[in-house]
Amino acid sequence: MSSENEEGERSAGVQPEQLALIRDSVRKAKVPRAKPRTWRGAALAGSLPVARVVVDKGVLHLDRYFDYAVPEELDAQAQPGVRVRVRFGAGTRNVRDGRREGGGLVDGFLVERVAESDYTGPLAALAQVVSPERVLDEELLGLARAVADRYAGSLADVLQLAVPPRHARAEGLPSPPPTAARPEPDPGSWRRYARGPEFLAALAAGGAPRAVWTALPGPLWAEEIARAVQATLASGRGALVVVPAGRPAARVDAALRALLGEGQHALLTADAGQERRYREWLAVRRGAVRAVVGTRAAMFAPVRKLGLVVVWDDGDPGHADENAPFPHVREVLELRASRDKCAFLLGGWSCTVEGAQLVESGWAAPLAADREQVRAAAPLVRTVGDGDLARDEAARAARLPSLAWQIARDGLRRGPVLVQVPRRGYVPRLACERCREPARCRHCAGPLEARDAGPLVCGWCGRDEAAWHCPECGGFRLRAQVVGARRTAEELGRAFPAVPVRTSGREQVLDTVGPAPALVVSTPGAEPVAEGGYAAALLLDGWAMLGRPDLRAGEDALRRWIGAAALVRDQGEGGTVVVVAEPTLRPVQALVRWDPAGHAVRELAERAELGFPPVSRMASVTGTPEALTEFLGQAHLPPDAEVLGPVPVPAVEPGRPRRPGDAPPGERWERVLVRVPPGSGAALARALKTAQAARMARGLGAQQAVRVRIDPADIG
DNA sequence: AGCACGCCGACT
DNA sequence: GTCGGCGTGCTC
């Protein structure tokens, strides 16, 4: 793997869209606050003098409530749900009155007022009620608890993601009054789906239908989501839409505005800045706004009387939170749908294996257009295999097969042509050019990786390999690196000198392009929308997309191809797509037939057979070999758990930002995967959390640290 | 992770 | 005697 991040969407300049309520950044941003008064000798509240508090400490062995005494003066403000500050940590015990002093002040939430504590020691007093705003209601608390349990994490960590940092000024402003009545919902383009109008009618009638929706290609999806929201609002309930990035959020935002008018919904994205973010969130919390669209942190938005949750494009890595305990939007919204008994809509142009599983298990119903509709709405897809490319001398030189060349030239007469190239550094697994045998380290069999310059480097042990040759066929040429978007643009510019070439990628994402002929070179996830649709698209270097050593490589490649191809005109208007990839491969065939759901179903069957997620639940545990042995020895894993590994954790190459799960610099870490059959996921999470908490309490956390992660993303 | 407690060695 | 080393355990 190169020094670049492999996530296309994230690199497409959308990262700032995502909320990053990282503990550290919050801490850094913390302004020094006035010292609260001490409550020594103060009278306590007359009734329910004990407050149960969740302290903002993410560590697992502190993941429970702590009781504090409520001074009389704080009695009125100290209501369930408010933010409080308390003294926490080993403090000096004052012998005179038995109360505790000292210990640091930490933030927390008051979750409950009770008559007495079951703690036998003397209670410390609440130091301060930060504000009377009740930000954490029972619903959100319950959801956060469920998410923490699901991911073997702590409640405090989840609350950190779920409740945005306070901004006093935003709290002072009154939220606008609740919204007025809305027009009768109309199914609109949902009529394109056989059961679309039925789904909307169920929403409008207050029902809780659950659907996995394979959206037809084209731009109508945002409006269709808005219509689903509108139908839900008409039933007197609220709705929540979570999309993977700022651009799709803006599209749904615009669609909602067009359909509902101003002020009827909130847009929750991270680029808004703290004050606006908190103000919008409060408007939702206070019930002034009943519909929400946002990026992943919005998955916790405290929508009142939630009637519908929507996830768009759940395969996008932007839906996976980057902070402990790494909850995934789809999973969290599934939990919300189950807990709140509300409707659930999982939509996308493509379909994930998890989506297929929701249908297969009967939890959700499929919502798709019939084949005829799909064929009419999709572009014509043609393939150029690797072999064809190799035989095509001219093409190999120009890196553009003649078919692609023709289609581009033809398309450029009628409008813009999209060229999708994988991100440079997207190809982690090098292979022999002749026989395709993966290039492996001669010492440890790890995958060899190419750096910008210099010799090959082993991704596992870090050794240089200066003189690689293929052990199978004796070849000594490796398959070329992916050519980046910029160089592709230069090459194409020379090939089509009369046509403007534009690029969209990590540094600069184009949002839209006009209908005039142009070549638009883009990395996956950064494709601009073309006014009137692209005349054609070329999907280059398919082998690189498919060759990643990742369980999701096929699914991901298909999702990214479909993401580009869905921007192309339908075949009635001459829209054509060329994909340069082996035509026999399953994802390629699925693209040609435009059958992402079928692809997901077949993937699911294969995963079931191999015992892979999401059919079984997996957790990864990483740490030094000694720490792993110790941890696994102590943990009471469920009897049906299977431990796979350990295998070495790939080294963190210099320059790449460190991610959770990476070994600290200089340490050799290993990873095991723990697998349980369906139904034992909760037991697995519980066991891992208990074991982790126990060793933290024993102080093993620092030097003998292990990291636990449920549903790890990268199991190759 | 902090932070205070406790039980050893070196110093006035 | 008493100051302070950091190993160990707890946080209402």
Side-chain angles (χ1 to χ4, degrees), chain A residues 22-28 30 32-33 35-36 38-45 48-72 74-75 78-80 82-130 136 141 145 148 153-160 323-325 623 627 630 634 660 664 689-708:
Chain A
I22 305 161
R23 209 166 272 282
D24 287 346
S25 69
V26 169
R27 202 163 274 161
K28 245 176 255 153
K30 203 179 275 178
R33 279 177 265 201
K35 252 197 190 145
T38 61
W39 299 95
R40 186 181 308 172
L44 298 184
L48 306 180
V50 176
R52 319 210 76 187
V53 172
V54 46
V55 293
D56 185 19
K57 291 277 182 191
V59 281
L60 291 176
H61 57 287
L62 299 181
D63 192 19
R64 58 206 159 97
Y65 299 146
F66 290 87
D67 291 350
Y68 286 84
V70 181
E72 194 170 27
L74 298 182
D75 184 24
Q79 296 300 317
V82 299
R83 297 178 206 259
V84 292
R85 306 190 81 205
V86 294
R87 298 204 175 277
F88 191 79
T92 313
R93 178 154 282 141
N94 184 324
V95 190
R96 214 166 300 152
D97 59 4
R99 301 246 180 114
R100 222 170 250 279
E101 299 164 12
L105 278 172
V106 299
D107 293 314
F109 296 96
L110 197 165
V111 295
E112 196 182 6
R113 289 280 298 269
V114 291
E116 49 190 314
S117 171
D118 44 17
Y119 181 64
T120 49
L123 296 186
L126 290 177
Q128 197 179 7
V129 172
V130 175
L136 182 64
L141 177 67
R145 180 74 269 165
S154 65
L155 181 61
D157 275 346
V158 177
L159 290 175
Q160 190 84 235
N323 298 300
E630 194 272 339
Q634 298 305 118
K689 181 172 171 176
T690 308
Q692 182 73 308
R695 59 203 309 284
M696 295 302 262
R698 274 188 298 143
L700 284 173
Q703 255 150 37
Q704 289 274 82
V706 300
R707 300 213 180 92
V708 172

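The chains referred to below are lettered A, B, ... by the order of the sequence lines, with proteins before strands, and numbering in each begins at 1. We use all heavy atoms of the structure for the numbers below, so side chains are in, but hydrogens, waters and symmetry mates are not.
At whole-Å resolution of the value, NE2 in His61(A) and P in dG9(C) are 13 Å apart. Note: CG (Asp67(A)) to P (dT11(C)) measures 12 Å, nearest angstrom. Atom NZ of Lys57(A) is separated from atom P of dA1(B) by 11 Å (rounded to the nearest Å). In this entry the distance linking CG of Leu123(A) with C1' of dC10(C) reads 16 Å, nearest Å. The interatomic distance linking Asp118(A) (CG) with dC12(C) (P) rounds to 15 Å, in whole Å. Atom pair Leu105(A):CG and dC12(C):P shows a separation of 12 Å (rounding to whole Å applied). Rounding to whole angstrom units, CE of residue Met696(A) and C1' of dT11(C) are separated by 14 Å. The CZ atom of Arg87(A) sits 17 Å away from the P atom of dT11(C) (whole-angstrom rounding).
For the pair Leu136(A) and Val111(A), the minimum side-chain heavy-atom distance is below 4.5 Å.
In this structure, Tyr119(A) packs face-to-face on the six-membered ring of dC12(C), meeting both the 5.5 Å centre cutoff and the 30° plane limit.
Panel note: side chain Tyr68(A), backbone Ala127(A); no donor-acceptor pair is recorded below 3.5 Å. A distance-only check finds no donor-acceptor pair linking the side chain of Gln160(A) to the backbone of Asp56(A) [under 3.5 Å]. Under a 3.5 Å cut-off, the side chain of Arg52(A) and the backbone N or O of Tyr65(A) do not form any donor-acceptor pair.
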